[in-house]
Amino acid sequence: MPAPEILPRKFYARSTVEVAKDLLGKELVHGETAGIIVETEAYPGGDDLASHSARGLTDRTRVIFGPPGHVYVYLIYGIYQCLNIVAEPAGHPGCVLIRAIEPTRGIEIMQERRPAAKRKEALANGPGKLTLAFGITRTFYGSDVTKGPLLVQRRAKETPFKIQTTPRIGITHCAERPLRFLIEGNPFVSRG
DNA sequence: GGTAGGATGGGCT
DNA sequence: GCCCATCCTACCC
């Protein structure tokens with residue numbers, strides 16, 4: 001059985017949609033906490049006005065235009081933070097929003113960080129919830145998921161699954177585009 | 001089972 | 001000043 005392997009940078013240097021789909025089933029690790037990515041959304045930039053990078057390079061969006069495999073975290077509604085991983089070759093914008101995670105390790109720590117979650121399915125079943133459960137803040141902005149402290153690994157034993165595709169959640173621009181991907185039937189997604 | 005409303009701060013016009 | 005890639009609580013079936 002192969003050992004867990006950190007995904008190499010070239011994994012992320014592909015189209016945003018491919019990276020978003022392929023991140024499903026991979027494991028996100030931060031310290032004692034870990035879990036399987038079960039829901040993502042693609043924000044490819046360019047003509048996709050829902051993407052933060054669509055309006056150009058600013059202090060906030062700089063990392064999205066840089067080399068792939070880096071972390072884009074931003075504050076939403078003044079309270080929550082959302083975790084993205086940069087895709088596409090350097091110079092081309094694109095990032096993947098991590099929307100839901102199935103916890104595998106450090107579940108007690110997550111329960112302490114997320115007292116509002118009454119069931120383990122609700123610990124990380126939303127973009128704001130998973131950053132709380134995993135202790136991810138804006139200080140992670142620009143960090144490298146091939147080096148840490150936040151890591152993405154291939155699992156030692158991957159279980160097969162089907163990918164379900166839907167429109168993205170909570171946006172107004174380009175709301176019809178099918179750029180949300182989730183593991184079909186998984187109870188840890190933000191919504192079926 | 002469902003949803004309306006409020007919390008709260010940074011980025012952009 | 002307005003707009004958010006959200007979540008929780010209260011309240012109503």
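What's counted below: heavy atoms across the whole structure, side chains too, no hydrogens, waters or symmetry copies. It should be emphasised that the depicted structure is a prediction, and the values quoted were computed from it without experimental measurement. Naming convention: chains lettered A, B, ... in sequence-line order (proteins, then strands); numbering from 1 in each chain.
Among the heavy atoms of the strands lying under 4.0 Å from A:Arg138 are primed sugar atoms or P, OP1, OP2 only; no base atom is included. Within 4.0 Å (heavy atoms only), A:Gly128 reaches sugar-phosphate atoms of the nucleic acid but no base atom. Nucleic acid contact class of A:Asn84 (heavy atoms, under 4.0 Å, all strands): base. Contacts of A:Arg60 with the nucleic acid, taken as non-hydrogen atoms under 4.0 Å apart, involve only primed sugar atoms and P, OP1 or OP2.
Rounded to whole angstrom, the span from the CZ atom of A:Arg191 across to the P atom of C:dA5 amounts to 14 Å. B:dG11 atom P lies 12 Å from atom CD1 of A:Ile64, rounded to whole Å. Spacing between atom CZ of A:Arg113 and atom P of C:dC7 amounts to 17 Å, rounded to whole angstrom units. Rounded to an integer number of Å, the gap from CG of A:Asp48 to C1' of C:dA5 is 10 Å. Atom pair A:Tyr80:OH and B:dG10:P shows a separation of 16 Å (rounding to whole Å applied). Per the geometry, CG belonging to A:Leu49 stands 20 Å off P belonging to B:dG11, to the nearest Å. The distance between atom CD of A:Gln81 and atom P of C:dT6, rounded to the nearest whole Å, is 14 Å. In this structure, the CZ atom of A:Arg119 is 14 Å from the C1' atom of C:dC8, given to the nearest Å.
Close to B:dG11, at under 4.0 Å from its OP1 or OP2, lies no side-chain N or O of A:Thr58. Residue A:Lys118 places none of its side-chain N or O atoms closer than 4.0 Å to OP1 or OP2 of C:dC8. An OP1 or OP2 oxygen of B:dG11 is reached within less than 4.0 angstrom by no side-chain nitrogen or oxygen of A:His52. Of the side-chain N and O atoms in A:Arg114, one or more sit less than 4.0 angstrom from OP1 or OP2 of C:dC8.
Within a 6.0 Å radius of CD in A:Glu176, other residues, nucleotides and ligands contribute more than 12 heavy atoms. Within 6.0 Å of CD in A:Glu32 there are 12 or fewer heavy atoms belonging to other residues, nucleotides or ligands.
Judged by distance alone, with hydrogens and angles left aside, A:Tyr77 brings no side-chain donor or acceptor close enough to the base of B:dA7 to form a pair under 3.5 Å.
Put simply, A:Tyr43 rests on the base of C:dA5: the two rings are less than 5.5 Å apart at their centres and nearly parallel, under 30°.
For the pair A:Thr40 and A:Ile98, the minimum side-chain heavy-atom distance is below 4.5 Å.
Annotation: the span from A:Lys26 atom NZ to A:Ile85 atom CD1 amounts to 11.5 Å, rounded to 0.5 Å.
Positionally, the nearest nucleotide of DNA chain C for A:Glu41 lies more toward the 5' end than for the other of A:Ala116 and A:Glu41. Heavy-atom distances to DNA chain C give each of A:Ile171 and A:Leu132 a nearest nucleotide, and the one nearer the 5′ end belongs to A:Ile171.
Of the residues A:Arg168, A:Lys21, A:Arg99, the one that meets the salt bridge (charged side-chain N to carboxylate O under 4.0 Å, His left out) test with A:Glu41 is A:Arg99.
A 3.5 Å limit on both hydrogen-bonding distances identifies no Watson-Crick or G-U partner for C:dA5. Summarising the base pairing, B:dT8 is matched to no nucleotide, lacking a Watson-Crick or G-U wobble pair whose two defining distances lie under 3.5 Å.
A cation-pi arrangement is not found for A:Arg62 relative to A:Tyr141, the charged atom failing to lie both closer than 6.0 Å to the ring centre and inside a 45° cone about the ring normal.
Ranking B:dG10, C:dC8, B:dA7 by closeness to the A:Lys129 side chain, first place goes to C:dC8.
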